[in-house]
Every structure is written in C-alpha cells, then in structure tokens.
Amino acid sequence: MMGSALDKIFDSYSGESIFKNKRVLQISHTPVTISHRDQQIEAVASILAPALKGERASNLFVYGKTGTGKTLCVQFVTNEILKRVQDSGKDFLKVIYINCKLKKVADTEYRILAEIISALGERVPATGLPTDAVYSRFIEIIERKKQLVLVILDEIDQAVKKISDGFLYTLTRLNSELKNAQINLVGISNSLTFMDDLDPRVRSSLGEEELVFPPYNALQLQDILRERSGEAFAENVLDNDVIPKCSALAAREHGDARRALDLLRVAGELAEREGSKKLTLEFLDKANQKIERDKMLDIIQNEPKQHQLVLYSILSLHDSEKNPLFTGAVYNKYQELCQTCKFESLTQRRVSDIIAEFDMLGLINVDVISRGRQGRTREIKLMLPEPIKTRAREMLTEGLMI
DNA sequence: GTCAATTCACATGAAAGAGACCACGGTCTAGTG
DNA sequence: CTAGACCGTGGTCTCTTTCATGTGAATTGACGA
C-alpha cells in the first residue's frame with residue numbers, strides 16, 4: 001500500500017515536467033532584462049555614476065510598494081557599476097547589500113553594523129561588544145585604504161521603526177570623520193511616508209536624491225509574466241487566460257510583481273503534483289488560496305506560546321460571543337485559559353501590545369474606539385477566512401494542549 | 001433643550017528589570033619537555 | 001612552560017512589568033428658556 005502511494009507521487013514527478021526551468025520564477029532570480037523600468041534604471045544609474053570613478057555620489061533614497069522592482073533595479077545598477085570598476089582592474093569600490101527586515105540578521109544597530117563588517121570580509125562577534133567599539137572597528141576597517149563603500153539598506157523603514165533613526169544619522173555623518181574612505185548610502189523603503197517622520201537632519205542627508213517606483217499595472221505585469229513564463233514552462237503548458245488572470249490578481253494587490261510570479265510558480269507546482277499536463281485557471285485559483293493560507297498559518301505557527309494563547313482567546317470568543325470583541329473580554333478569556341493550562345499570565349499592558357501586533361500581521365483588524373462611559377478600547381475583528389480559522393484552531397489546540 | 005464637566009476602560013509611552021547570550025581578560029590546572 | 005578550562009565583568013537583546021499619562025464620546029447634572 002505504502003509502495004503504490006509512493007509510486008504515484010514519484011511517477012507524477014518523474015514524468016514530463018511542465019517546468020522547463022522553475023528557478024526563473026523564484027524571487028531570488030535576477031532576470032537578464034528588466035521590463036518597464038528603463039526610466040528608473042537610468043535615474044539610479046545617473047545618480048550613482050560618480051561611484052565609477054570612486055567619487056562619492058549623492059545618497060539615494062528609493063520608495064515604492066513591495067514587488068515594484070526597487071531592489072532589483074538598484075542591485076542591477078550597482079552590479080553593473082561594480083563590474084565595470086573590476087573590469088578596469090581596480091578595486092576601490094565595495095557594494096554592500098543589507099536587508100534590514102530579515103530578523104536575527106539586521107534588526108538592531110549593532111547587527112546592521114556587524115553585517116556590514118562581515119560583508120567587508122571581517123569577523124565581528126554576534127554580541128558582547130559595546131556598540132561604539134563596533135563603530136570604531138568599522139571605521140578602522142574601511143580606513144585601511146582609499147575606497148568608496150556603497151551601502152544599500154533594503155527595507156530601511158523596518159529598521160528605523162525598530163531602532164530609531166539615530167544610526168542613520170551616525171552613518172551619514174561618518175563621512176566627515178573619514179580620511180581615506182567614503183560611505184555612500186542607498187535606502188530602499190516600502191513605505192511612502194517613511195521620510196516624513198525622520199529626523200530632519202537625517203532626511204536632508206539621506207534624501208539627497210529621491211526616486212519613486214510606481215506599481216506595475218496589469219498590462220506591464222502581463223509582459224513580465226510572459227517573459228518569464230516562456231523560460232520557466234515547457235511549451236503549450238499554459239492556458240491562454242492564465243497569465244491575464246494571474247496579473248489581474250496581482251495588480252489588485254497594488255501591482256506586486258513578486259506576488260504574481262509566486263502565484264504562477266505555486267500554480268505550476270500544484271499542477272505538477274496532480275500530474276496535470278496543463279496549467280489551467282483552476283490551479284491558479286487554488287494557488288491563490290494556498291499562498292494566502294500558508295502565509296497565515298505559518299505566521300500563527302511561529303508565534304510564541306503566549307501570543308498563540310491570546311490568539312486562541314480571540315478565536316474562541318469570536319464564535320461564542322457577539323461581535324465585535326473588545327480588549328477587556330479577550331484579556332479575561334486569556335487569563336482563564338492561562339489558569340486551565342497552567343501558564344503564567346501576562347499583564348494587560350503586554351496583551352494589549354500583542355493584540356496590536358496581530359493587527360500588524362493582518363490576522364485581525366483593530367480599531368481604537370471610544371464608547372463614551374464604557375471607556376476607550378480596541379474593537380477587534382478576526383480577519384481569517386473560515387477554512388483557515390478552523391485549521392488555525394486545530395493547530396493551536398494541539399500546540400497548546402488545551 | 002443645551003452645554004460643560006465627569007467618567008470609564010482602556011490606549012499609549014517611558015523606564016527599568018530579568019534572563020539569555022556572548023566577548024574579553026585574568027587565573028587556575030594539567031600535560032609536556 | 002604553555003594550552004586549555006573556568007570564572008567574573010561588562011556589554012547587547014528581547015520580553016516583560018511598573019508607573020504614568022492620554023483620550024474621546026456617553027453620561028450627568030446644572031442652567032436657562
């Protein structure tokens with residue numbers, strides 16, 4: 001019995017694959033040509049061009065929603081610059097790319113700095129040193145020779161939200177202390193309003209040049225998908241209306257190309273898994289649901305126990321109580337649960353923050369409302385669709401042993 | 001009926017503590033020649 | 001004599017608590033028409 005089940009799975013893989021080269025659809029893949037971004041690439045290139053001669057360019061700040069090609073374009077241009085410099089046999093340019101959003105990699109001032117240093121080929125302990133010691137280490141390293149260090153800080157808004165903008169100020173001001181080396185900053189942000197709540201000094205030095213990446217529209221997304229799918233899939237696999245539908249779905253999500261590619265890839269995987277020779281609309285719909293579902297469940301699963309307990313409280317109240325829910329009720333339920341499963345209960349202050357975090361994650365929707373004499377509170381609405389909700393409840397019941 | 005004061009139930013902020021992790025330098029210990 | 005084990009100190013980081021302050025509309029109660 002076991003054997004036949006395995007046979008079925010492996011057979012569907014060993015047969016003709018509908019993929020020709022799946023890697024093309026992965027987000028890490030850098031395409032040879034970038035469509036519909038000529039203008040932006042030119043702009044980035046002309047701003048950063050002085051780096052070709054080892055001169056400090058203007059600090060650049062790039063905005064745009066997720067999946068609009070910001071990172072791609074900046075990396076493309078800096079790679080070209082680096083290639084040219086290296087081709088001429090020089091090595092006065094260092095390009096360092098840091099994604100500030102990756103947890104445990106770069107979400108504190110110390111770690112960002114450590115990350116830069118390790119990109120320069122030096123080691124620095126993961127913790128244990130005073131931050132200013134790391135700064136002087138950094139200065140010492142780059143001062144060893146005359147060079148230009150181009151630091152690209154991706155998702156910089158995330159970092160600043162967590163740390164404060166102080167480190168950006170220090171970083172921009174560092175140049176006046178350096179004799180040999182120069183630092184050039186490129187900030188990439190998803191949030192359009194990010195610049196507004198920065199310290200004015202940082203704003204002026206970081207935003208010497210600014211660039212906005214508009215979202216792709218549905219037609220542009222179609223072009224991109226056609227290009228990539230040509231390489232990714234075998235011939236005659238795609239139904240005609242798959243790409244338009246796919247780009248329409250993604251365009252609805254503020255023109256996110258990454259999402260569109262993901263969708264296509266997952267749809268392909270689903271089709272392949274079911275042994276289908278064709279990628280039809282049906283698979284696209286399934287993929288759309290699956291991505292959403294996996295994302296949510298993944299988030300829930302990886303939350304700490306206390307957070308899960310709060311979420312479980314919300315889930316169970318959501319069914320029994322009348323909507324909407326308020327903080328007080330959730331907290332009471334939470335304390336009750338803590339007693340039954342012998343957990344230490346957190347303070348209301350903390351639970352309040354946890355609820356706010358869930359809102360950020362999109363698991364729930366929260367409005368702060370004032371109910372007059374009934375005080376001020378959060379109105380909590382659960383955002384999980386029915387199937388996900390059920391699955392989440394099962395998962396939490398199991399994980400928390402309730 | 002109108003209007004300002006009151007009041008509720010939290011939201012929101014700031015500061016500080018606990019506990020985990022880690023580097024560094026000094027001291028102790030056991031193995032080596 | 002020396003390498004490695006071990007310890008104390010001092011640093012970061014995350015999660016949490018404690019204390020303090022803020023908030024916005026329903027409610028209240030005084031006031032005047």
Margin query: Applying side chain to side chain contact (heavy atoms under 4.5 Å, CB included), can you list everything that pairs with A:Ser313, at least two apart in sequence or on another chain?
Written below: A:Val330, A:Lys333, A:Tyr334, A:Leu337
Tell me whether [X] is salt-bridged to [Y], with the criterion being a basic N under 4.0 Å from an acidic carboxylate O.
| X | Y | value |
| --- | --- | --- |
| A:Asp262 | A:Arg265 | yes |
| A:Glu208 | A:Arg56 | yes |
| A:Lys245 | A:Asp241 | no |
| A:Glu357 | A:Arg350 | yes |
| A:Glu140 | A:Arg137 | no |
| A:Asp319 | A:Arg393 | yes |

Margin query: Given C:dT14, C:dT17, B:dG13, identify the nucleotide with an atom nearest to the side chain of A:Arg111.
Written below: C:dT14
What is the separation between atom [atom1] on [X] and atom [atom2] on [N], rounded to the nearest whole Å?
| X | N | atom1 | atom2 | value |
| --- | --- | --- | --- | --- |
| A:Arg137 | C:dG11 | CZ | C1' | 16 Å |
| A:Tyr135 | C:dG11 | OH | C1' | 16 Å |
| A:Leu346 | C:dT16 | CG | C1' | 7 Å |
| A:Ile369 | C:dG24 | CD1 | P | 13 Å |
| A:Gln348 | B:dT12 | CD | P | 13 Å |
| A:Arg350 | C:dC19 | CZ | C1' | 17 Å |
| A:Leu113 | C:dG11 | CG | C1' | 15 Å |
| A:Asp353 | B:dA11 | CG | P | 9 Å |

Checklist line | Distance test, side-chain N/O of A:Thr347 to OP1/OP2 of C:dT16, below 4.0 Å | finding: no
Note to self: Can you tell me if A:Thr327 touches the phosphate of B:dA11, counting only side-chain N or O atoms and a distance under 4.0 Å to OP1 or OP2?
What the structure shows: yes
Notebook entry, point to check: Counting only non-hydrogen atoms, which of residues 298-308 of chain A are less than 4.0 Å from DNA chain B?
Noted result: none
Next item on the list: List in numerical order all residues of residues 373-381 of chain A for which some heavy atom is under 4.0 Å away from an atom belonging to DNA chain C.
Entry: A:Arg373, A:Gly375, A:Arg376
Notebook entry, point to check: Taking everything shown except A:Lys179 itself, do over 12 heavy atoms lie less than 6.0 Å from its NZ?
Noted result: no
Notebook entry, point to check: Is the NZ or CZ atom of A:Arg37 positioned over A:Phe76's six-membered ring, under 6.0 angstrom from the centre and within 45° of the axis?
Noted result: no
